[in-house]
Participant: 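Just dropping this structure here.
Just so it is clear, the values below take in all heavy atoms, side chains as well, and ignore hydrogens, waters and symmetry mates. For ligands, and for the atoms within them, numbers begin at 1 and follow the listed sequence.
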Amino acid sequence: MENNNNNSNPYQSLLNQMDEAAKIAGLEPDDYIFLRYPEREITVNFPVKMDDGQLRMFTGHRVQHSSIRGPYKGGLRYHPNLDMDEVRALAGWMTFKCAVADIPYGGAKGGIVCDPCELSDYEMERLTRTYTAKIVDFIGPSIDIPAPDINTNAQIMSWIMDTYGKLEGCYAPGVVTGKPLEMGGSLGRQGAAGRGAAIITREIAAKAGINLEGASVALQGFGNVGRAAAESLHLLGARIVALCDISGAFYCKTGIDIPGLLEYVKTSPRHLIKGFTQDGLTPIDNDDLLRAKVDFLVLAAMENQITRKVAKEVQARILVEAANGPTTYEGNKILVERGITTVPDILTNSGGVVVSYFEWVQNMQHMAWDMETINCNLERIMVQSFNEVYTMAEKKDIPMREAAYIVALKRLVATQKARGFFP
Ligand SMILES: NC(=O)c1ccc[n+]([C@@H]2O[C@H](COP(=O)([O-])OP(=O)(O)OC[C@H]3O[C@@H](n4cnc5c(N)ncnc54)[C@H](O)[C@@H]3O)[C@@H](O)[C@H]2O)c1
């Protein structure tokens, strides 16, 4: 875990970021040593009966990084390449993200190594319920609260809530967030991370003197986060000129028809953008999108996209990290050297966990908020977090990533000091 030479390891990147921020903040290594190690790591192996009657073994993980500031909180990812270092890093980023947003949660992340495209709905349900049963002693509304992430959704959260309730003999909607409305979900949770990312883009545009009305945007990823970010940025007047998902990429100088594309992916195979047509739309290479000459490059797909090589060729004025960990540690160094502003993931995509927090608060109080209350509170928290990070960056003359880590570290260290160490 502590190999200083391995910068492509996402958990090592997190440790490096933490160390650099701590140094600038004047913290001693002992002040934050407890954040270098996840508090608990769980791996479960379990059989699932497939539709053809055969048993197949699956592996699931849950990493609980920190509970200093509240219950563990973080998404569940279903992906064939999921590995422990990735989950560790994602769990750590959740700790920092919740501290930047100043919401009372720690950090966690988990998932199952699987390819959802190969599974039927019934197989997916059995897989999810068995995984939940395997980790049931370690989750709960005051312990650890999973949520959707890549390839997981409101239906999967419903199965987790139902399984947890049956095994624990209680009604506990607060055990997961990102549920459907009829299961105690919140208005506005779907797409909250993307809407939050658009608020952050608006704020950084104002600081950089870029008029968002007509500003050009390249967007990587058109899933849960990317779709909502595209919709909000379009409503703010931005011109999304390049867009991609796993099925391909396209470019349109005058701006992609976002309402038309959102309608298209409602019924397209696996909700992919492939096959969408519009006057002036030309196919491009996925990699070219990252090098597009635009005002904003919004990353809303996967981690490790902006490597050292890509960072040298980025032509965007500002990078907006709506995904988790899209820039490698080395890639970030190059962007800083080149003077390209990056708005970091732990600030930019926190809208998802912020509205998850609202959902959990509503569940704990057995109340439902209206959309206006959700949006006003989301706006307030996003703008407040942005201003805190931006002010820290200005004050110390450092990039916003370091500033965000300092804001979070200060809160985490202060809470740990007040709690003391036990046992
Ligand atoms: N869903 C949330 O609430 C939430 C909140 C905070 C952060 N995030 C992060 O945002 C990112 C996206 O999450 P999501 O929920 O939108 O996932 P998703 O599965 O709904 O969408 C992912 C998108 O990325 C695309 N994609 C995957 N690999 C790609 C590649 N190599 N090139 C181009 N496109 C590719 C997919 O086709 C899809 O459009 C992840 O890093 C996730 O951890 C999600």
Side-chain angles (χ1 to χ4, degrees), residues 10 73-82 86-87 89-94 96-98 100-101 107-111 115-117 146-154 156-157 176-179 185-186 188-197 200 218-231 242-250 261-262 264-265 268-274 276 284-290 297-307 310 320-327 344-359 378 382:
K73 184 83 189 88
L76 281 182
R77 183 175 284 198
Y78 288 5
H79 201 274
N81 302 332
L82 189 77
E86 179 189 355
V87 183
L90 289 160
W93 285 324
M94 285 306 296
F96 280 84
K97 194 183 300 183
C98 294
V100 170
K109 204 81 177 192
D115 185 351
C117 302
D149 192 70
I150 291 181
N151 293 330
T152 55
N153 53 29
I156 289 173
M157 296 306 117
V176 280
T177 57
K179 301 177 292 289
S186 175
R189 171 60 184 88
Q190 179 89 10
R195 290 205 314 284
I200 295 291
L219 171 65
Q220 186 195 41
F222 206 60
N224 193 348
V225 178
R227 284 199 285 263
E231 187 171 24
L243 194 146
C244 75
D245 70 5
I246 195 74
S247 71
F250 38 64
L261 182 59
L262 286 167
Y264 176 81
V265 296
S268 66
R270 291 174 45 217
H271 308 292
L272 294 170
I273 63 171
K274 191 176 176 182
F276 179 69
I284 56 168
D285 206 67
N286 265 18
D287 287 350
D288 291 345
L289 179 134
L290 301 176
L297 172 58
V298 180
L299 301 160
M302 299 285 289
E303 57 267 24
N304 292 342
Q305 299 301 298
I306 308 296
T307 57
V310 177
V320 179
E321 294 187 335
N324 285 311
T327 307
D345 47 5
I346 58 170
L347 166 66
T348 308
N349 69 36
S350 60
V353 75
V354 167
V355 179
S356 271
Y357 167 57
F358 299 160
E359 179 176 335
L378 175 65
M382 295 308 297

Participant: Around atom 41 (O) of ligand 1, find the nearest protein heavy atom and jot down its residue, atom name and distance.
Facilitator: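 Of the protein heavy atoms, N324 N, 3.0 Å lies nearest.
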Participant: For C244, take its heavy atoms, then give the atoms of ligand 1 lying under 4.0 Å from any of them.
Facilitator: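 What qualifies from ligand 1 is 33 (C).
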Participant: One residue to check: A193. Relative to ligand 1, which of side chain, backbone, both or neither has a non-hydrogen atom less than 4.0 Å away?
Facilitator: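 Within the 4.0 Å criterion, A193 contacts ligand 1 through side-chain atoms alone.
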Participant: Identify, by atom number and element, the atoms of ligand 1 in contact range of N151, meaning under 4.0 Å from any of its heavy atoms.
Facilitator: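 Here the atoms of ligand 1 in question are 19 (O).
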Participant: Among D345, T152, I246, whose heavy atom sits nearest atom 36 (C) of ligand 1?
Facilitator: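 Residue with the shortest heavy-atom distance to the ligand atom: I246.
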Participant: With distance as the sole test, does N153 use its side chain to make a donor-acceptor pair with the main-chain N or O of I156 at under 3.5 Å?
Facilitator: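 Yes, N153 side chain to I156 backbone: donor-acceptor pair under 3.5 Å.
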Participant: Between M157 and T177, does a side-chain contact (heavy atoms from CB on, under 4.5 Å) hold up when you go through it step by step?
Facilitator: CA-CA 7 Å; M157 296 306 117; T177 57; over 6 Å; no
Participant: Tell me if a side-chain donor or acceptor on E359 pairs with a main-chain N or O of G178 at a distance below 3.5 Å.
Facilitator: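 Answer holds: yes.
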Participant: Given that the side chain starts at C-beta and the backbone is N, CA, C, O, which of these parts of A300 lies under 4.0 Å from ligand 1, counting heavy atoms, or is it both or neither?
Facilitator: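 The part of A300 near ligand 1 is the backbone, not the side chain.
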Participant: Could you give me the CA-CA distance, side-chain angles and deciding distance for Q305 and V310, then say whether side-chain contact (heavy atoms from CB on, under 4.5 Å) is met?
Facilitator: CA-CA 8 Å; Q305 299 301 298; V310 177; over 6 Å; no
Participant: Where does E303 meet ligand 1, judged by heavy-atom distances below 4.0 Å: at the side chain, the backbone, both, or neither?
Facilitator: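 Contact part for E303 vs ligand 1: neither.
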Participant: Only heavy atoms of R77, strictly under 4.0 Å: list the atoms of ligand 1 that pass.
Facilitator: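 Those of ligand 1 that fall under 4.0 Å from R77 are 40 (C), 41 (O), 42 (C), 43 (O).
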Participant: Within ligand 1, which atoms have a heavy atom of D149 less than 4.0 Å away?
Facilitator: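 Counting atoms of ligand 1 from 1, those under 4.0 Å from D149 are 42 (C), 43 (O), 44 (C).
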Participant: Return yes or no for this condition: an N or O of N224 is under 3.5 Å from an N or O of ligand 1.
Facilitator: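 In this structure, N224 places an N or O atom under 3.5 Å from an N or O of ligand 1.
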Participant: Hey, which atoms in ligand 1 end up nearer than 4.0 Å to a heavy atom of M302?
Facilitator: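 Heavy-atom distances to M302 below 4.0 Å select 27 (C), 28 (N).
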Participant: Identify which of L289, D245, I346 has a heavy atom lying nearest to atom 34 (N) of ligand 1.
Facilitator: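 Checking each option, the heavy atom nearest atom 34 (N) of ligand 1 is found in D245.
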Participant: Does this structure show an ion pair linking E303 with R77, if we count only N-O contacts that are shorter than 4.0 Å?
Facilitator: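 Yes, E303 and R77 are salt-bridged.
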Participant: Which atom names give the shortest non-hydrogen contact between L378 and G351, and what distance separates them?
Facilitator: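 For L378 versus G351, the nearest heavy atoms are CD1-CA, 3.7 Å.
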Participant: Which protein heavy atom lies closest to atom 39 (O) of ligand 1, and at what distance to 0.1 Å?
Facilitator: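 Going by distance alone, atom 39 (O) of ligand 1 is nearest to F222 N, 2.9 Å.
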Participant: Checking side-chain contact (heavy atoms from CB on, under 4.5 Å) for the pair I273/S268: CA distance, chi angles, key distance, verdict?
Facilitator: CA-CA 7 Å; I273 63 171; S268 66; over 6 Å; no
Participant: In terms of atom number and element, which parts of ligand 1 are under 4.0 angstrom from non-hydrogen atoms of R189?
Facilitator: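 The atoms of ligand 1 under 4.0 Å from a heavy atom of R189 are 3 (O).
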Participant: For I150, counting its heavy atoms only, list the atoms of ligand 1 lying under 4.0 Å from any of them.
Facilitator: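 Those qualifying, in numeric order: 13 (O), 17 (O), 19 (O), 40 (C).
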Participant: Tell me the contacting part of A192 for ligand 1: side chain, backbone, both, or neither, using a 4.0 Å heavy-atom threshold, strictly below.
Facilitator: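 Near ligand 1, A192 shows nothing, with every heavy atom at 4.0 Å or more.
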Participant: Report the residue from V320, V225, N324, V354 that forms a side chain to side chain contact (heavy atoms under 4.5 Å, CB included) with N349.
Facilitator: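 Going through the options one by one, the only one that passes is N324.
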Participant: Counting heavy atoms only, which of N286, L290, V354 comes nearest to atom 32 (N) of ligand 1?
Facilitator: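 Looking at heavy atoms only, N286 sits closest to atom 32 (N) of ligand 1.
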Participant: For a quick test of reading the model, state the closest non-hydrogen atom pair linking Y264 to L272 and the distance between them.
Facilitator: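 That closest heavy-atom pairing would be CE2-O, 3.6 Å.
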Participant: Rounded at 0.5 Å granularity, tell me how far CG in L261 sits from CZ in R227.
Facilitator: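 The CG atom of L261 sits 9.0 Å away from the CZ atom of R227.
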Participant: To which protein heavy atom is atom 16 (O) of ligand 1 closest, and what is the distance rounded to 0.1 Å?
Facilitator: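 Ranking protein heavy atoms by distance from atom 16 (O) of ligand 1, first comes V225 N, 2.9 Å.
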Participant: Could you name the option among G223, A323, G325, A301 that has the heavy atom nearest to atom 12 (C) of ligand 1?
Facilitator: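 Nearest heavy atom to atom 12 (C) of ligand 1 lies in A301.
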Participant: Can you find an N or O of N349 that's nearer than 3.5 Å to an N or O of ligand 1?
Facilitator: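 N/O-N/O distance under 3.5 Å: no.
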